[in-house]
Every structure is written in C-alpha cells, then in structure tokens.
Amino acid sequence: MSRSAMLSLFASLALAVAAVSAAYAGSTDHASEVDGLAATASIPVSTFATLPLVGPINPGNPEGMAADDFGLLHVNTFDTSNICYTLPSATAAVANAATPDVGSAELRRFLESHQHADSAPHPPPPANTFNYIFTYDQFGHLVAQTPFVPCGAPLGMQAIGHKLYVIDVFYGQVDRYKLPLTDTSTPEATYNVCGGFLVAFGLPVKNNGPFCALNDMKLGPDGRLYIADNGAGPAFVFSSCCLAGHIWELNPTDGTSSVFYSDPSLNVDPNSAPPFGVAAAVFDPRGKNLYMSNFSTSYVYRLGVQPVDAGKPPSPTNPLAAPTGSPSVFYHDTSILLGPNHMAFDGEARLWITSGENNQVVKFDTDNGTVLATAGSFCGLTKKGAPKCLLQPANIVKLGNEMYVDNEANPGLNCLNTEAGAPGSLVPAGLPPLCGPGVTPSSTWTNLKLYTISSFPRHAEYGK
C-alpha cells in the first residue's frame, strides 16, 4: 500500500473535510452569502502562526489544539505520510477484522515490537518521529517544538493546570505531559482507554479493549475528561464493524475509563461522507448541557447532564451520572453547517463550531439555536504556499480575547473519485465520493507547502 493511500485513510481520522473550491473572505461592514449560506455577519480571519519546517520531514496538518492557564497555545500535527508501518490491503484488512490476531507478517512484527512502547523506562526515541506538539505564546512566537510519541497519531488535547493530555488515536490512549513543554518533553503517564483504531484490522496493539476512534477531548464540570469516539464507516475500515459512536469518560486521578454515553444519534451514517459519527463534545460554561457534533449527519445535539447527587455541584467525588434517553437536536442546516467538527465556548457563552466543508466557523446563540456570525473562508494560498484564510479548519480554542483555528489542510482529505476507484485510494470502487459539494482544485494541494493557525477577535459587534 502506498504512503499516499495511508494518508487518505489516517488523515480522515482527524475529521476535517474536503474544502470548497472558491470562497469569499468576507468583511466587517456587510453580510456575506457564499455557496448558499444565509446572509449573516462575516468575521475576517488572519494568520496567527505558520508551522515551522522540521527536517527531514516537514510536519503538517495541524489538528489537536489546547490553551493552557499560562497563556500558551498548543497545537499538534496529524501527519501520517511517513507512518511506521504498512497496513494490509483492503482484502486482507477485511479478513483480518473477521479473524482477530491474524494479519500480515509485516504488521504483526510492528505490533509486537510496539506492544510495550509505553512501559518505563522509555528507550531512546527512534528516528521515525513525524508528529510534533508546537507551543506558541499569544504573539505567535514559537516557544517549544515537542516530538510526539514515535509512531503515534495525536488528536484532541486538553490542558489542566500543569498537565497536558493528548489523545493517540492509533492506540486508543491518552498521553499526559508536564507543562511547560520543552523540546525534549516526553509523556510522564499514559492512560489506556480502549483498543484504538488499529483494532479495526483485527490486531489490538497495546490494549485489549474494543475498537475506538478517539478524536476530541474536553474537561467536564466534575474534573473528568470526556472523549468523543467517532467510530468509522466501511470506506475506511472495510466493514460495518465500527459504526457506533460513543462518549468516553476518563478519570485522570486514578486512570479509570468507561463509556459515558451512547445513542444512535452519535453513530456513523454509512451513506454519508465522510463516514464518521460524533466528532466532538463540549460542556456549556454552567456544566448543565453537553453539546455533540455528528460529522456524518451534520447534526449538533444537546444533552442535559447532572451529577450523581443532583443536590450538590459536580466534583471529582460527585461525578456526572450517565445520561439516559436521546439528546435533543440543537442545530441542523447543511447550508450553514456541513460536517460540524470541533467546538468551543467563548467568554460570552456563545458556541463556535468549525465547518470544514464550508471552510468557515459558525457562531451560535445557545439560548435559541440561532446563527450569530460566521468567520473566515478559503481565499487561496500565499506565494509561499500557505493558506491565506481557512483551509479545512479543524479545531477551535479561546485564548484571551481571540479565537484560534488550526487549518488541517490535508490533501488526504481531498475529494477522491471513489466511484471509479481512484488509483492509490483505499476506498473501494462503487462508493459515493468522500467529499463535500465543493471540490478543492488539485492545484491547491500541489502548491500547498506550509501549514497555518488562524485567529480572529471575539468582538461584540459581530452578532452580539
């Protein structure tokens, strides 16, 4: 299997979707109407930082992001173009999934050599470290570039005090780092949550848990970490084994984890593209509601939560009770929000959601579910090959008076002619194209050389 084929598979885990081919950057003095979007206030975005070039492989595709209590912004890369192993072919993958612990000799050797990679003491990191956590101050200055765990694939992050928690989706685990990060930081602890994405191929890596595709992670009002597991459709795991979406809870104090909530509304719609379910989950500032985005159906849901002892506030000793029943629909309008991805609340309790297929961010009033504003669009590349505005925005974070968005900009998420079975594509022929209604021109990917983080102010005049 070619490296470009692996890129198509693993980049899709990040859940940022194919971008539209052309858009309008918008301005502060009038409404915009782009690609069928309803007219609403449009906030321009600017480039906050450009990811550094780190040889011999240039890490790119920023996805996970978190702000800490010290005014620093952490962004990780999700580059799998030089991953440490080769997956079996689609035919072999189907057979492997049906017969656990049976796989290609190459993949089996890799798994055996990495089964205890998180055991202490850590050996010297091998050369095949391709992903990084980049740390920036609020002026856009790079203060640390921390190599991620070799052969790992980082996604969602959450900072709590002097700790930074980072998902590794391949292995279904969360790595904990001590803040502040340095160029030589390594995880001080690892929490095993579930089996990881590689379980879909019939080969549990380090954990004996079930398949999971951990994507996003947010702190709950009870001090626990809540993790969105988006599952995956047959176009990426070659079977219908993994359509269920879940919300996991992880207790960082004792390392225990379990499924907090499951419901059909979180599952993958295999007839939609890209076929991934609940991509993210975030609590409102009061800790009364959990918002969840289903990427494949473009629905955003709201679910009421309360602690075990409802008469007392949630805390580590009074955790949230597992919810029952189905959530209510908070928002659904594919002309505005197509493929909702990551979410964040700002200082005014407004909810911001990234929309990769529309290359923008949408601001909501959670009291009535109305759209207050949008931010950004795709407005081409610079001469040096960096996105000018937004290109496949993935994560969004509030820090100070700004909102920050990372542009995953991954060619592995480019629209593939899956109906014809594109050369090098993992997707079997006969499936609908895995892209949105607009297709990013191939020239964008040819000329893309640099990766960026964008920012915009939380001005009150925009949809107050």
So, for [X] and [Y], which heavy atoms are closest and what is the spacing to 0.1 Å?
| X | Y | result |
| --- | --- | --- |
| Pro59 | Leu51 | O-CD2, 4.3 Å |
| Ile43 | Pro457 | CG2-O, 4.5 Å |
| Gly369 | Phe330 | CA-CE1, 3.7 Å |
| Ala394 | Glu63 | CB-OE2, 3.9 Å |
| Phe170 | Cys151 | CD1-O, 3.4 Å |

Under 3.5 Å, is there a donor-acceptor pair between the side chain of [X] and the main chain of [Y]?
| X | Y | result |
| --- | --- | --- |
| Arg302 | Pro327 | no |
| Ser455 | Tyr404 | no |
| Ser298 | Leu338 | no |
| Gln360 | Ile336 | yes |

Sequence neighbours left out, what passes side-chain contact (heavy atoms from CB on, under 4.5 Å) with [X]? Give chain and number order.
| X | answer |
| --- | --- |
| Thr182 | Thr184, Ser185 |
| Pro323 | Phe260, Tyr261, Leu303, Val305 |
| Asp183 | Ala144, Gln145 |
| Asp254 | Asn251, Thr256 |

Kindly write out the residues that satisfy salt bridge (Lys or Arg N to Asp or Glu O under 4.0 Å) with [X], not counting sequence neighbours, or none if the list is empty.
| X | value |
| --- | --- |
| Lys218 | Asp216 |
| Asp137 | none |
| Asp229 | none |

Margin query: Looking only at the side chains, is there a donor atom on one of Tyr165 and Arg176 sitting less than 3.5 Å from an acceptor on the other?
Written below: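 No donor-acceptor contact under 3.5 Å links the two side chains.
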Check: If we ignore angles and hydrogens, is there a donor and acceptor under 3.5 Å between the side chains of Asn294 and Ser296?
Finding: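 Side-chain D/A pair, Asn294 to Ser296: present.
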Next item on the list: List the steps and the verdict of side chain to side chain contact (heavy atoms under 4.5 Å, CB included) for Lys163 and Glu188.
Entry: CA-CA 10 Å; Lys163 308 295 182 182; Glu188 63 178 4; 2.6 Å; yes
Next item on the list: Return yes when atom OH of Tyr331 has more than 12 non-hydrogen atoms of other residues, nucleotides or ligands closer than 6.0 Å, and no otherwise.
Entry: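 Yes - once you tally the heavy atoms of other residues, nucleotides and ligands closer than 6.0 Å, there are more than 12.
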Next item on the list: Could you pull out all residues at least two apart from Cys194 that satisfy disulfide bond (SG atoms under 2.5 Å apart)?
Entry: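 Expected list: Cys212.
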Notebook entry, point to check: In chain order, what residues pass the side chain to side chain donor-acceptor pair (under 3.5 Å) check against Asp365, with sequence neighbours excluded?
Noted result: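 By the side chain to side chain donor-acceptor pair (under 3.5 Å) rule, Asp365 matches Arg350.
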Item checked: Single hit among Asn407, Asp406, Thr47 for side chain to side chain donor-acceptor pair (under 3.5 Å) with Ser454 ->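 Among the candidates, only Asn407 passes.
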Note to self: Taking ring-ring contact (aromatic ring centres under 6.0 Å, His included) as the cut-off, I'd like each qualifying pair that reaches into residues 175-195, sequence neighbours left out, listed once.
What the structure shows: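 Those involving residues 175-195 do not exist here.
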Note to self: Please evaluate residues Leu448 and Leu381 with respect to the criterion side chain to side chain contact (heavy atoms under 4.5 Å, CB included), reporting the C-alpha separation (whole Å), side-chain torsions for both, the decisive distance (0.1 Å), and the verdict.
What the structure shows: CA-CA 7 Å; Leu448 179 67; Leu381 303 177; 4.2 Å; yes
Can I get a per-line list of side-chain donor-acceptor pairs under 3.5 Å for residues 71-78, giving both atom names and the distance, sequence neighbours left out?
from	atom 1	to	atom 2	distance (Å)
His74	ND1	Thr135	OG1	2.9
His74	NE2	Asp68	OD2	2.8
Asn76	OD1	Gly64	N	2.9
Asn76	ND2	Leu155	O	2.7
Thr77	OG1	Asn131	OD1	2.9
Thr77	OG1	Tyr132	N	3.1

Next item on the list: Name the orientation class of the two ring planes belonging to Phe197 and Phe211 (parallel below 30°, tilted from 30 to 60°, perpendicular beyond 60°).
Entry: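 Because their plane-to-plane angle lies in the 30° to 60° range, the rings of Phe197 and Phe211 count as tilted.
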Check: Can you list the steps and then say if Met292 with Ile247 is a side chain to side chain contact (heavy atoms under 4.5 Å, CB included)?
Finding: CA-CA 9 Å; Met292 301 169 288; Ile247 305 297; 3.9 Å; yes
Notebook entry, point to check: Does the pair Tyr291 and Tyr301 meet the rule for a ring pair (Phe, Tyr, Trp, His ring centres under 6.0 Å), with working shown?
Noted result: CA-CA 6 Å; Tyr291 290 80; Tyr301 295 97; over 10 Å; no
Next item on the list: Could you check Ile396 against Met343 for side chain to side chain contact (heavy atoms under 4.5 Å, CB included), going step by step and ending with a plain yes or no?
Entry: CA-CA 6 Å; Ile396 181 166; Met343 303 179 285; 5.5 Å; no
Which donor-acceptor pairs under 3.5 Å do the side chains of residues 278-285 make with protein atoms, sequence neighbours left out?
from	atom 1	to	atom 2	distance (Å)
Asp284	OD1	Arg286	N	3.3
Asp284	OD1	Gly287	N	2.8
Asp284	OD1	Lys288	N	2.9
Asp284	OD2	Asn289	N	3.3
Asp284	OD2	Asn289	ND2	3.1

